Each structure stands twice: as C-alpha cells, then as structure tokens.
Amino acid sequence: MNNYPFFTMDDFDFDNKCVYLRIDINSPINPITQEIMDDSRLNSYSETINELSDSKLVITAHQGRPGDDDFTSLKYHSRYLSKLMGREILFIDSLFGSSVDYAVSRMKKGDIIMLENTRFYSEEVSINFNNFNIIENTHIVKNLSKLFDYYIIDAFGAVHRPHTSLIGFKKSGPMIAGRLMEREISMLDKFKYSNQRPKIAILGGSKVSDAVKVSRSFFEKGIVDYILYGGVAANLFLLASGKNIGKRNIDFIKNNNKNYLELIDMARNLIEKYPEKIILPDDFILNPSQKNITLKDNVPDNELLADIGFNSIEKFKDYIKRAKNIFINGPMGMYEINEYSIGTREILDEISNSSAMKIVGGGHTISAVNRFGFRKYMDYVSTGGGALINYLSGDSIPVIDALIENKKMFGD
Ligand SMILES: Nc1ncnc2c1ncn2[C@@H]1O[C@H](COP(=O)(O)OP(=O)(O)OP(=O)(O)O)[C@@H](O)[C@H]1O
Ligand SMILES: O=C(O)[C@H](O)COP(=O)(O)O
C-alpha cells in the first residue's frame, strides 16, 4: 500500500485488464490550422501509459470549452500522442454508445483507444454536481462503467473541476491516481508546505474567475505573502479599485464571465482587506496603438491593455528578487504577439535568475516558458493552470476528494 490517502498505480495489477484513463491534454490550439501549439501536456503521460502497456487502455480527455476556438475534436490529439508514444492509438469519434462498446469488446492486451472530447456532451459539465445520483445516472457513467475494471484519473490539470468523466466513476470500481497526479502532488507540496519567505504568486492570463477565488484562500491561509497580478486578472482588480481601464477591457471581462459583478465585489473586498499584499501594474502597452500609458491617462475605448508596461516590470522584478518561493500561472499579456510579449518575457527572465524555488504552470504559461527558452531554469513545470492554483490554495479539490472517498469504499 502507498502513503497517499488514495489508490495509486502501485496498488493494482493491470495485466490484461480493461482500464479507463482520464488525462488532461487540453492544449493551446492554433485557431486557423487547429494544430496543437504546445505538446507539454501530451508529453507528460508517457510514464503512466508505458506502465499500462499490458492492459487494454481506453483514454478520455477534454479540449477547450463550448463556443471557444479551441473546442475541437481529439482526433488530432490521438495522432499526436500516438506519434509521441510510438504506439498505435485507435480514435473513436464518440464517448459512449455502440461504436465504443464494439471497439472495446475487440480490444487485445496492449491496445489503446482514445474517445472523443468529453465536453462534446453536455452531461460532462452542465449537471448538478452536488447530487451524485444525477452524475451516476448520466449516459456517460451508465455506458462506460459497464466496460472497465479500473478507473485511473491522471488529469491533474483538471482536478479542480467536478466533471462527470473525472469523478463520475467513484462508486463504479477502484479509482486510482495516475503517475502524473502523484508527481504533481509531491512536487507542489514542497511549495505549499515550505516556510521559506517571502512566498509570492504571480497570476495573469485570461481566466480571472479562478484567480480571484483562490486569492482569498492564499491570503486568508497565509499561503503566500504577495500576489503580483498581470493580464486580465490585473484589469479586474484595477477596475474593482475604481480605476478607468477603458471600455474594451471592461467588455472583455464582462463577455467572458457571467458572474463578473460578483467577481468585482470579491476583488474589491480583497483590496480592502489586503491592500499591501495585492501588487498591481500601473502602466501598460496598448493594443493596437502599442503606446505605453499609465492609468492616470485615459484608456481609449478601442484599446486593449495588452501587456504590462516598463515601470510595472521593474516593480514586479523587485518582489521577485526578494522572494524565496515563487509560482506563476498566466502570462502578463498577449504574449503570443511579439509586440505584447515583453512583460511576460521579462518577468520569466527575472524568475529564471532567482535562487528561489520556482514553479510554473498553465497551458499558455508553459507555452511562453518554452517559447522564450526558460524551461530549464524552472524547478518544476506543472501541467496544471487553474488546478495548480486551486491545489496550492489549500481549498478542497473535487477529484482528489473523490479519489479519497473511493479508497475508503474499495480499500479492503
Ligand atoms: N490583458 C489581456 N487581455 C486579453 N487577453 C490577455 C491579456 N493578457 C493575457 N491574455 C491572454 O490570456 C491567454 C492565456 O491565459 P490563460 O488564463 O489561458 O493562461 P494559462 O497559462 O493557459 O492558464 P490555464 O492553464 O489556467 O488556462 C493568452 O492567450 C493571452 O493572450
Ligand atoms: O487547462 C485547464 O486549466 C484544464 O484543462 C481545465 O480546463 P477549464 O479551465 O476549461 O475547465
């Protein structure tokens, strides 16, 4: 038996067994060619998949969110993974039903199948996750649970999502943490439980909802001493503190967050309670004009605050220089476009030069780290973005909770 409160792959023998493996290969996708722009997450599953080479392995995963450009089929991911692993992977363009049943019934030891994007099915994300009866009665769980001996969950990047393909099998049979989950948890615990201070978080990117929610836990539990905000997260805090960030940036927040008023309230409360811990940029590079402005200037209606400006870079560097533990999730700006990549590059450069423990995570953040050549300087590159910040915040994590419950049910 292992030392974790959940099953790991050491606890079972998968020889000739039918194994469900949920991974997280949600990757940045080129919106025009649909090509996978960064294969870090795909690369992180070689240990788990190699260890399961004697099983009949069925892989599930998600890509993107409904309505977004990157909400694509997993056909390309299956080809990519097949090439990386040097193993044939049969792609089935459904998640359950007769084509899946038939393909699984014909599997031999060593075969691998990948099923279609779990989020093509509304039952994956749009049900009441507080009621497990509903989850158990989804077509996804009813159909798939007939097929498997074991359920391995290795989707560390999605552990904060209580979605059907991630937690729905907790009563169907042994639910097991994969090798990536084990590695992530043991590495991230080094940051979480380190007493070396100051500890700083750098939160950027566009998914502001996760960033605001975890900030409260980070401060309340004293997990970090400062949070440096960039990207849309910074815009939200600036808006909450009464700054004029311009129409286009306000619209961006509104259009991408149904609960944006609630988020602004939460951000305002945090600013009132922890003013000295919240570190915000005060100048920016505008898109499209490429002007460097401070927030004392008016932000024209048609301009995006696309990168942090030179003063803010210097201010952030001072905090990074003093830190003993650092993690970053989310770029400082629209790093994909050269003209707006300087903030992200400079901040990653300063982190790379620091002797602190350095953790980086998030699909686009990793892509930026790889693109600018900083990967080798990081102590740990997590596959998690939202998952990483939620895990470090010490809040309860739905997939880990389900794994723990499952071990209690199937432990003997
Ligand atoms: N100020 C900004 N306005 C609009 N978009 C921005 C801004 N700053 C950054 N972005 C965009 O945010 C995206 C990355 O954010 P995201 O939150 O997805 O980061 P991530 O590292 O992938 O984390 P996760 O894995 O949680 O998704 C990039 O496409 C970038 O262009
Ligand atoms: O990329 C991620 O953070 C995970 O795959 C979860 O994706 P989501 O934020 O769209 O739920």
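On a predicted model such as this, the values are computed, not experimentally measured, just so you know. Both backbone and side-chain heavy atoms feed into the values below; hydrogens, waters and symmetry mates do not. Order of listing sets the numbers, starting from 1, for every ligand and every atom in it.
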- Give the C-alpha distance, both sets of side-chain angles, the deciding distance and a yes or no for side chain to side chain donor-acceptor pair (under 3.5 Å) between S40 and N370. CA-CA 9 Å; S40 307; N370 289 339; 3.2 Å; yes
- Donor-acceptor pair, side chain of D68 and main chain of F71, under 3.5 angstrom: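 Answer holds: no.
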Taking the six-membered ring for Trp, are [X] and [Y] closer than 6.0 Å centroid to centroid?
{"X": "Y340", "Y": "Y335", "value": "no"}
{"X": "F120", "Y": "H62", "value": "no"}
{"X": "F316", "Y": "Y226", "value": "no"}

- Message: Residue by residue, ordered by chain and number, which ones reach under 4.0 Å of ligand 2 with a heavy atom?
- Response: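 Lining ligand 2: D24, N26, R41, H62, R65, R119, G157, R161, K207.
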- F169 and its ring pair (Phe, Tyr, Trp, His ring centres under 6.0 Å) partner, picked from F132, F410, Y150, Y151: Y151
- Task: Considering non-hydrogen atoms only, spot the tightest contact between E339 and I285 and give its length.
- Result: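 Scanning both residues, the minimum pair turns out to be O-CG2, 4.5 Å.
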- Query: With side chains defined as the heavy atoms from C-beta onward, is the minimum distance between N390 and I397 less than 4.5 Å?
  - Reply: yes
- Got the residues with a heavy atom under 4.0 Å of ligand 1, by chain and number? G205, S206, K207, G231, V232, N235, F252, L305, N329, G330, P331, G333, M334, E336, G362, G363, H364, T365, G385, G386
- Message: Tell me whether N195 at atom CG has more than 12 heavy atoms from other residues, nucleotides or ligands lying less than 6.0 Å away.
- Response: no
